[in-house]
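Only one structure is covered here, and it is reproduced in the block below.
As the structure lists them, so they are numbered: ligands from 1, and atoms in each ligand from 1. Keep in mind that what you see is a predicted model, and the values were worked out from it rather than measured.
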Amino acid sequence: MERTKFILDEKEIPDHWYNILPDLPEPLPPVLHPGTGEPVTPDDLAPLFPMALIMQEFSPERYIEIPEEIREVYQLWRPTTLFRAHRLEKALDTPARIFYKYEGTSPPGSHKPNTAVAQAYYNKMEGIERITTETGAGQWGSALAFGGACFGVEIKVYMVRISYDQKPYRRVMMETWGAKCVPSPSPDTKVGRDILADDPECTGSLGIAISEAVEEAVSRDDTHYSLGSVLNHVLLHQTVNGLETKKLMEKAGFYPDIIVGCVGGGSNFAGLFLPFVKDKIDGTRPDLRIINVEPFAAPSLTKGLYAYDFGDEAGLTPLLKMYTLGHGFIPAPIHAGGLRYHGMAPIICHLHKLGLVEARAEHQLGTFKAGITFARTEGIISAPETNHAIRATIDEALKCREEGVARTILLAHSGHGHVDMAAYDDYLAGKLHNYEYPAEKVKEALAHLPKVPGAEEKGEGR
Ligand SMILES: *Cc1c(COP(=O)(O)O)cnc(C)c1O
């Protein structure tokens with residue numbers, strides 16, 4: 001019998017995160033202040049984030065120590081297992097070797113607590129008692145609720161009203177971990193009250209929820225704000241997974257030819273591939289392919305413009321250089337809620353611009369079909385987000401069969417789909433449709449991108 005699981009001892013949980021910033025062949029474009037067009041300073045961000053996280057955001061250090069208290073919480077589910085997908089390989093009749101690193105065994109069921117726990121810890125260390133955040137379908141809200149419970153930090157989650165009403169189970173998870181979850185728009189903030197006065201039935205949006213969470217954070221000294229993806233420090237925390245994976249692939253005796261992952265804001269996939277992309281940058285593994293998979297319904301890397309844009313739909317955040325569909329992007333109602341973001345992590349965008357990673361888009365129906373194949377072979381019922389990566393993995397494995405080549409494919413498996421069974425129910429009942437974001441809409445959004453003084457002169461526009 002061939003090995004199926006590759007595991008590390010608890011003592012082997014990495015004691016440092018890996019920071020890509022000093023290893024980038026060209027420096028990452030700076031984050032800009034929306035008013036001045038100048039790079040933001042740590043003080044600009046201090047009302048929202050603890051200084052430790054702000055320092056990590058811009059750190060020149062290659063390795064950043066993981067505090068013991070965070071590693072102790074990581075021990076609840078880390079290190080996570082690397083699987084060899086023998087049964088999927090057999091079903092596909094492919095010579096490819098398929099591996100997947102599974103993050104679904106964390107308490108909230110995804111990679112998200114890798115950063116939620118760290119963010120709760122650093123806020124607590126700086127005397128912050130409360131953290132506000134927004135959540136769409138609830139994955140991030142539930143992860144931060146768990147993080148808050150670990151360190152006694154109160155968590156307040158503004159959850160988009162329509163999800164709050166239609167998808168109650170993530171809310172119940174948040175409440176079970178002790179967080180407060182309110183439907184957004186809410187009467188708790190000025191933004192929310194104004195919207196409700198206009199339209200008491202407003203079903204909300206991520207943009208409104210962000211505005212509410214930020215408004216509350218800046219108006220109280222004991223409260224900060226937290227983001228679950230996109231930013232450098234979030235990707236940094238996720239590298240705990242990639243560092244484990246690198247060791248485990250060595251144990252398995254293979255180095256990947258192709259690494260595949262799904263990207264919403266980019267945190268789970270970057271967390272896995274960043275320690276590997278280092279080998280591509282330094283020339284040890286020039287042929288390594290890294291494939292970012294996104295939905296056709298939110299195709300920022302494949303159809304967006306590389307430009308400065310706001311991180312949120314409401315236009316409150318500093319400006320990030322990223323492939324964007326425009327911050328006014330209104331997503332189609334696909335089930336992969338975690339992939340419906342208008343932008344992408346600046347680190348991934350920069351690597352894409354430099355030709356170090358590639359991107360492709362997938363349709364909803366094909367991703368669910370792949371998810372069903374995965375469930376019927378490997379057993380795991382995957383999150384709709386993860387199914388995008390599974391689709392691309394299967395397609396690469398089938399290409400290996402056609403070409404008669406035995407490549408090693410590594411899949412970043414970001415989480416289980418146990419709280420998304422309504423989506424599977426719709427798929428199995430034939431009620432799901434494909435959505436493609438129209439090219440004209442991307443063009444239209446460009447007209448609304450923020451004007452950045454000097455960006456064109458610096459040759460950073462397109
Ligand atoms: C939130 C989420 C994603 C997308 O977020 P990234 O920051 O791109 O990783 C992907 N998979 C799962 C299971 C998620 O919960």
### Task
Please work out whether any backbone atom (N, CA, C, O) or any side-chain heavy atom from C-beta onward of E103 is under 4.0 Å from ligand 1, and answer side chain, backbone, both or neither.
neither
### Summary
At under 4.0 Å between heavy atoms, what of V263 touches ligand 1? The answer is backbone
Salt bridge check, [Y] against [X]: does any charged N sit closer than 4.0 Å to a carboxylate O?
{"X": "E69", "Y": "K124", "value": "no"}
{"X": "E103", "Y": "R78", "value": "yes"}
{"X": "E362", "Y": "K369", "value": "no"}
{"X": "R391", "Y": "D395", "value": "yes"}
{"X": "K247", "Y": "E250", "value": "no"}

### Query
For atom 1 (C) of ligand 1, which candidate among Q139, H416, H413, K112 provides the closest heavy atom?
K112
## Note on the structure
Among E385, E294, R340, closest by heavy atom to atom 10 (C) of ligand 1 is E385
### Query
With a cut-off of 4.0 Å, which atoms of ligand 1 are near a heavy atom of S229?
6 (P), 7 (O)
### Task
State the atoms of ligand 1, each with its element, that fall below the 4.0 Å cut-off from a heavy-atom position in A383.
13 (C)
### Message
I need the H111 NE2 to S229 OG distance, nearest 0.5 Å.
### Response
6.5 Å
### Task
First locate atom NE2 of H388, then atom NE2 of H363, and finally report the distance between them rounded to the nearest 0.5 Å.
10.0 Å
Going by distance only, is there an N or O of [X] that falls short of 3.5 Å from an N or O of ligand 1?
{"X": "S267", "value": "yes"}
{"X": "L339", "value": "no"}
{"X": "G265", "value": "yes"}
{"X": "G266", "value": "yes"}

### Query
Is it the case that T302 and E294 place a side-chain donor and acceptor less than 3.5 Å from each other?
yes
### Summary
Among non-hydrogen protein atoms, atom 11 (N) of ligand 1 lies closest to S414 OG, 2.7 Å
### Query
For atom 5 (O) of ligand 1, which protein heavy atom lies nearest, and how many Å away is it?
G338 O, 3.9 Å
### Query
At a 4.0 Å cut-off, with the gap strictly under it, does some heavy atom of H111 reach an atom of ligand 1?
yes
#### Entry: E378 (side chain) donor-acceptor with R87 (main chain) under 3.5 angstrom
yes
